[in-house]
Amino acid sequence: MPRHEPIAIIGAGLGGLTLARVLHTAGVPAAVYDRDASPRARPQGCVIDLHEDTGQAALRAAGLHTRFRARARTGTPAVRILDKNAVVCREDGAAEDTVRAALERGRLRDLLLDSLPRDTVRWGARVAGARALGEGRHEVRLADGSVFTTGLLVGADGARSGVRPLLSRVRPRYTGMTLVETDLYEAEARHPECAALVGDGLFYALGEGQGLLAHPRPDGGLHLYVALTVPEDWSAGIDTARGDAVAAAVLEHFRGWDPALRPQTVDRSARRDAGPQRPPRRAARPRRDRALPTAQLAAHAPGGQ
């Protein structure tokens with residue numbers, strides 16, 4: 001007989017883990033299934049900005065608000081916006097603010113994981129399919145061939161959810177934007193020009209459907225996005241395992257930009273820094289941006305969801 005989970009949450013991201021924590025504080029056990037092999041299988045993205053009446057309200061319900069605020073950076077960050085010629089179009093200084101607080105996604109995820117029993121998350125469990133069994137129960141099939149049933153199935157596995165087909169046939173669509181995301185460590189020492197441009201807040205350089213977006217990391221590095229308006233299959237002919245190939249393809253879209261803004265850091269960031277204490281390097285590889293329609297609503301599905 002397949003094992004049975006009273007509550008199964010698919011996806012160990014911020015949403016899934018927050019729900020698991022809220023249930024845990026109420027004495028309700030839940031199992032979380034995630035396709036990643038471990039919590040450190042991949043980078044968790046950039047800083048997330050939580051507002052008092054939404055994200056912070058969820059953390060308060062989870063009993064983690066005090067610990068979050070002790071780690072988070074409060075206030076509105078400085079913002080600098082340039083055009084393709086490196087002309088400053090707008091510059092706002094940082095401001096005190098009690099409504100917003102920001103923290104790196106990875107650190108927030110660690111806070112949530114540390115607050116749960118160790119056996120809550122089943123790592124390396126990619127969902128291959130799910131079906132309703134009736135009477136409020138579902139069967140979930142994993143990629144390794146194993147099966148379990150659940151009394152309440154929650155899909156917290158993102159835009160390409162393996163659970164959403166139970167509720168809707170709508171699939172995420174390509175937005176027209178592809179991102180190349182990377183990190184630069186020890187920015188002031190290794191990439192001083194970039195550090196000076198970005199400053200200590202949010203940095204944008206925008207023009208002709210392309211853009212550079214960056215912000216400092218708490219460890220002294222920079223988190224960098226290169227945004228390109230390109231066809232969905234743009235990266236098909238690029239050897240994405242080679243940082244120099246990705247850099248060359250990206251730079252083609254920044255001809256005519258001020259030399260200080262041309263994202264040559266994409267190439268440099270693909271090289272692994274030496275040293276046993278160096279964090280895992282984020283590969284500078286293209287990522288297609290996909291999203292669901294903003295007004296999507298799903299009807300109730302027989303068997304519960």
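Predicted, not measured: the structure shown is a model, and the values here were computed from it.
Contacts of E5 classified as salt bridge (Lys or Arg N to Asp or Glu O under 4.0 Å), with partners at least two apart in sequence or in another chain: R3, R122. D49 pairs by the salt bridge (Lys or Arg N to Asp or Glu O under 4.0 Å) definition with R100, not counting sequence neighbours. Every side chain to side chain contact (heavy atoms under 4.5 Å, CB included) that V230 has, sequence neighbours left out, goes to Y174, T178, L228, W234, H253. Partners of H215 according to the ring-ring contact (aromatic ring centres under 6.0 Å, His included) rule, which considers only residues two or more places apart in sequence or in another chain, are H223. Evaluation of the side chain to side chain contact (heavy atoms under 4.5 Å, CB included) rule for P29 yields no partner, not counting sequence neighbours. When the salt bridge (Lys or Arg N to Asp or Glu O under 4.0 Å) test is applied to E188, no partner is found at least two apart in sequence or on another chain. Looking at residues two or more places apart in sequence or on another chain, you find no salt bridge (Lys or Arg N to Asp or Glu O under 4.0 Å) involving R171.
A side chain to side chain donor-acceptor pair (under 3.5 Å) check over residues 140-152, counting only residues at least two apart or in different chains, returns the pairs H4-T149, D144-S146. Annotation: salt bridge (Lys or Arg N to Asp or Glu O under 4.0 Å) contacts involving residues 13-22, sequence neighbours excluded, are absent. Judged as a salt bridge (Lys or Arg N to Asp or Glu O under 4.0 Å), the pairs with a partner in residues 198-216 (not counting sequence neighbours) are, in order, K84-E208. Screening residues 71-82 for salt bridge (Lys or Arg N to Asp or Glu O under 4.0 Å), with sequence neighbours left out, gives R80-E91.
Cluster annotation: L261 is connected to L222 through the hydrophobic network of ILVMFWY side chains, with a link wherever side-chain heavy atoms come within less than 4.5 Å. Hydrophobic clustering (ILVMFWY, side-chain heavy atoms < 4.5 Å, transitive): V28 and V154 are in one cluster. In the hydrophobic cluster analysis, where Ile, Leu, Val, Met, Phe, Trp and Tyr join through side-chain heavy atoms closer than 4.5 angstrom, W123 is grouped together with L112.
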*Working for side chain to side chain contact (heavy atoms under 4.5 Å, CB included), residues R40 and D110*: CA-CA 10 Å; R40 300 288 180 262; D110 287 344; 3.1 Å; yes
*asked:* Between L14 and R109, is the side chain to side chain contact (heavy atoms under 4.5 Å, CB included) condition met? List the steps.
replied: CA-CA 6 Å; L14 301 183; R109 192 194 199 200; 4.0 Å; yes
*Can you check side chain to side chain contact (heavy atoms under 4.5 Å, CB included) on L17 and V121, steps first, answer last?*
CA-CA 9 Å; L17 292 176; V121 182; 4.0 Å; yes
*Verify side chain to side chain contact (heavy atoms under 4.5 Å, CB included) between L111 and F68, making sure each step is shown before the conclusion.*
CA-CA 8 Å; L111 175 64; F68 163 75; 4.1 Å; yes
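The distance from atom CD1 of I7 to atom CG of L19, rounded to the nearest 0.5 Å, is 7.5 Å. With rounding to the nearest 0.5 angstrom, the CG atom of L212 is 6.5 Å from the CG atom of L224. Separating the CG atom in L64 from the CZ atom in R69 is a distance of 14.0 Å, to the nearest 0.5 Å. Here the CG atom belonging to L59 is positioned 10.5 Å from the CD atom belonging to E52, to the nearest 0.5 angstrom. In this structure, CD1 on I9 lies 9.0 Å from OG1 on T120, to the nearest 0.5 angstrom. Residue R290 holds its CZ atom at 11.5 Å from CG of L292, rounded to the nearest 0.5 Å.
In R288, the CZ atom is crowded: over 12 heavy atoms of neighbouring residues, nucleotides or ligands sit closer than 6.0 Å. Within a 6.0 Å radius of CZ in R60, more than 12 heavy atoms belonging to other residues, nucleotides or ligands are found.
Counting all heavy atoms, side chain and backbone alike, A130 lies closest to L166 at O-CD2, 3.5 Å. Across all non-hydrogen atoms, the minimal contact from D157 to G162 is OD2-N, 2.8 Å. Counting all heavy atoms, side chain and backbone alike, W257 lies closest to A205 at CH2-O, 3.7 Å. Across all non-hydrogen atoms, the minimal contact from A101 to A72 is CB-CB, 4.0 Å. Nearest heavy-atom pair, Q56 versus L50, reported as atom, atom and distance to 0.1 Å: NE2-O, 3.0 Å. Nearest approach of S161 to V163, heavy atoms of both residues: OG-N, 2.9 Å.
For R164 (side chain) and V170 (main-chain N/O), no donor-acceptor pair under 3.5 Å exists by modelled atom type. Here the side chain of R217 pairs no donor or acceptor atom with the backbone of E104 at under 3.5 angstrom. For the pair N85 (side chain) and V87 (backbone), a donor-acceptor distance under 3.5 Å is absent.
Looking only at side-chain heavy atoms (C-beta outward), V140 and Y33 stay at 4.5 Å or farther from each other. Looking at L184 and R190, their side chains never come closer than 4.5 Å, going by heavy atoms from C-beta outward. Within the 4.5 Å cutoff, the side chain of L133 has no heavy atoms near those of the E135 side chain.
In the hydrophobic clustering, where aliphatic and aromatic side chains (Ile, Leu, Val, Met, Phe, Trp, Tyr) are joined below 4.5 Å either directly or transitively, I81 groups with V79, M177, L179, L202, Y204, L206, L213, Y225.
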